[in-house]
Participant: 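Got a structure for you, written out below as structure tokens; questions coming shortly.
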Amino acid sequence: MECLKAEGVDVVFGLPGGANIPTYDALYDGGIRHILVRHEAGGGHAAEGYAKATGKVGVAFGTSGPGATNLVTPIMDAMMDSVPVVFITGQVRTDLLGTDGFQEADVIGITMPAVKHSIMIQHPTEIPRAVKEAFHIARTGRPGPVVLDIPTDLSKADIDYVPITDVRLPGYQPTTEGNVKQVRQAAKALAAARRPVIYAGGGVILADAGDELAAFCRADRFPVTTTLNGLGAYPAPDPQWLGMLGMHGTRTANYAMDEADLICCVGARFDDRITGKLSEFAPRAKFIHIDVDPAEISKNVPAHIPIVGDAKGILVKLKAEYDALGADPGRLSGWWQRIEGWQLKHPLGYEESEDTEIKPQRLIEAVYEATGGEAIITTDVGQHQMWAAQYYHYKRPRQWISSGGLGTMGFGLPAAMGAAVGCPEATVVCLTGDGSIQMNAQEFATCAQEAIPVKVIIANNGYLGMVRQWQELFWEKRYSSVDMGRFPDFVKLAEAYGCTGVRLTNKDTLVDDIRAAIATPGPVVVDVRVTREENTYPMIVPGEAARDMVG
Amino acid sequence: MGEPGVKEVLSLEDLESAGSVRSGRKHILSILVENKPGVLTRITSLFARRGFNIDTLSVGPTDDDHISRITITLDGANHPIDQVTKQLHKLVNVLKIRDLEPADAVSRELAMFKVTADGNQRAEVMQLCDIFRGKVIDVTKRSLVVEITGTVDKIEAFERNVRPFGLIEMMRTGEIAISRGRGET
Ligand SMILES: Cc1ncc(C[n+]2csc(CCOP(=O)(O)OP(=O)(O)O)c2C)c(N)n1
């Protein structure tokens, strides 16, 4: 416990079992808040939500065997989205290791490809250093999950706590300062570019470099787009903001990438959901790639100017170098004319219903209006996630919390829980689907018991909507196992768990109704029946080029 | 494809280009790692996950107890070596990686061959062994075990030559390599 406190931990999410009772015994009067979740995956995602909302390291506990295997999804999720979380699992006694003891699972082995690092404790005196190093590794460089596996006999041992003040990790020295020469090259390239685009990702948020990104983009009229995980890195809406790019990004953002002569990528990784068909991605562009992880550079798209380091410092330097060049802002006017042409011709939009039916896009707009654009939004995975990305505008980093890399259904509610615990002043809304919410709905009980006032808004289409959309578009409407009927009754479910349940059906009073639901104290579940077969557009067809977007 | 009538003024040609990702040659990676449990698994699991194929692998101690050396050879025609080394560097227990240029390194492998050698074949096998500066390390009525040390080429040449006699079993350690001393060659 002392080790955790020394790392600034004030809250832990978890669920006990035989192998970590010693740790839970220490929690009993250890002075750290513990939130008892109903499933370890809920605890893991809550720790992620906490980390994403606060920038601090999240902590999740699980017992050995099934407790630890239930954490595998959050661990992988944290790996894909570079979320700093320390997972502490109990393990069977050292004398039982390797014997298939009761509730033994090779946690280190199972999680190996899903962690930034993992440590198996072999002697009780190793614990303080291991904890120190786990937090250090989780939060520095490119953040990520670290697993600490502690056999129960070792966590029981009484050790003298001597604070550890240093880390001894000769093999771990992340580069933080960008190479000055490369930064200068990048500034020159930007000054010469006539059709530049700034393509930013979650790395900007992880580096707490939102202000620096905005300042840099405004050093000239650079058009900006971000990935799904980068939403909020640049304040939206804004005249220089093109919207999100990628599979369900705006046409403007994707067309701008397609025609750009220079793309400056900051903290993003050219994922396939961004590039579409790789061989046709941004065919005219040269690439500046700024990333703290050297392995990302030239992994998918070869970078002409690689800059390895922390985005915050680099963006400041890049702006200074750029300013010194005195580039002519007029050179971008032709480019902006072209961009504004796209913006006029292809705004994001949907067909409003003619009756009282609530369109899911309308629902997101209503949430935006009702929250004044100020809420922390978490999402699950599917169509609602994309609409939440498109129709809510994120003005600051850490306002958007979603499972981008792994696309984990069931992430939204526990993540909202973690965010609400980390930011008690904020309104936290989980925008979810009727499919995803059921993957961790047990956490309603946690919210009720701990009085965590998350507002869960379900865009209920009775389908595994995104899969249904793919079946409609690419599989001749053969709807195989995607219809979920009208089950369960979410209002009753919410009430059974001790939350407030509300059902909204009136389009005309939607904004006010949502405002009222959000103003209701405690956890609230809002079931909104939306158009069943609405599609998320526009869309880059998988394996096709971005310029051939449909819808 | 900019605005019609605007000519291309951008010249980024002086920028260093990304460089070829696949080198096309064989690579010997000499990796120093912390001598901790599971380190080898981390490395092999990383190769498996990223789809990199290991040709040979050998592990051994160094002059420092806390540090082991892993030598891996792989084919640069099939793998972006740059990605391989960058991903390896991300493992916390990996201390140092050297991509040894074949010209700047001396490499050796040890192999043992169990060969059918009865009657008059025996002399021929022993003669072959002599030519390759090998050693006979075990003899039975019907077979010989020969030890050969050398470059991969030499070992493969011996194998080709000895195969017609009847190769019962062969074992190879995988290459290890060390960089040449500076200015001494
Ligand atoms: C754990 C998990 N299982 C399966 C999927 C595949 N999947 C992606 S979106 C989706 C449908 C989600 O349905 P719902 O939560 O109702 O959201 P909607 O698309 O209807 O908005 C599914 C099944 C996934 N992403 N995660």
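Chain A is the first sequence line, chain B the second, and so forth, proteins listed ahead of strands; every chain is numbered from 1.
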Participant: Tell me, side chain or backbone of A:Ile297 under 4.5 Å from chain B's heavy atoms, or both, or neither?
Facilitator: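 Its backbone and side chain both get close to chain B.
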Participant: Highest number of heavy-atom pairs under 4.5 Å with chain B: which of A:Gly109, A:Ser118, A:Gly141, A:Pro174?
Facilitator: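 The residue among A:Gly109, A:Ser118, A:Gly141, A:Pro174 with the greatest pair count is A:Ser118.
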Participant: Would you mind checking which part of B:Arg42 comes under 4.5 Å of any heavy atom in chain A, side chain (CB onward), backbone (N, CA, C, O), both or neither?
Facilitator: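 For B:Arg42, heavy atoms of backbone and side chain both lie under 4.5 Å from chain A.
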Participant: Is it the case that over 12 heavy atoms from other parts of the model lie below 6.0 angstrom from the NZ atom of B:Lys114?
Facilitator: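 Incorrect, the count does not exceed 12.
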Participant: Can you tell me if B:Met126 has over 12 outside heavy atoms packed within less than 6.0 Å of its CE?
Facilitator: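 Not more than 12 within 6.0 Å, no.
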Participant: Using a 4.5 Å heavy-atom cutoff, which residues in residues 83-101 of chain B come close to chain A?
Facilitator: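 Near chain A, by residue number: B:Gln83, B:Lys86, B:Gln87, B:His89, B:Lys90, B:Leu91, B:Val92, B:Asn93, B:Val94, B:Leu95.
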Participant: Check whether A:Glu133 gets within reach of chain B through its side chain, its backbone, both or neither, counting any heavy atom under 4.5 Å.
Facilitator: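 No part of it gets close to chain B.
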Participant: Is it the side chain or the backbone of A:Arg142 that comes within 4.5 Å of chain B heavy atoms, both, or neither?
Facilitator: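 For A:Arg142, side-chain heavy atoms alone lie under 4.5 Å from chain B.
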Participant: Say you draw a straight line from CZ of B:Arg50 to NZ of A:Lys299; how long is it, rounded to the nearest 0.5 Å?
Facilitator: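 If I round to the nearest 0.5 Å, the distance is 5.5 Å.
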Participant: Let me know if B:Ser45 has heavy atoms under 4.5 Å from chain A in its side chain, its backbone, both or neither.
Facilitator: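 For B:Ser45, the contact with chain A is made by the side chain alone.
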Participant: So for atom CE, which belongs to B:Met170, do other residues, nucleotides or ligands contribute more than 12 heavy atoms lying within a distance under 6.0 Å?
Facilitator: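 Yes, CE of B:Met170 has more than 12 neighbouring heavy atoms, counting only those of other groups under 6.0 Å.
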Participant: Going by residue number, which parts of residues 144-151 of chain A are within reach of chain B, meaning a heavy-atom gap below 4.5 Å?
Facilitator: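 Contacts with chain B: none.
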Participant: Any chance CD of A:Glu177 has more than 12 other-residue heavy atoms, nucleotides or ligands included, within less than 6.0 Å?
Facilitator: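 For A:Glu177, atom CD is not crowded (no more than 12 foreign heavy atoms under 6.0 Å).
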Participant: Answer yes or no: does atom CG of A:Leu96 have more than 12 heavy-atom neighbours from other residues, nucleotides or ligands under 6.0 Å?
Facilitator: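 Yes, enclosed.
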Participant: Taking CZ in B:Arg133 as the centre, count heavy atoms belonging to other residues, nucleotides or ligands within less than 6.0 Å. Is the count above 12?
Facilitator: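 No, not enclosed.
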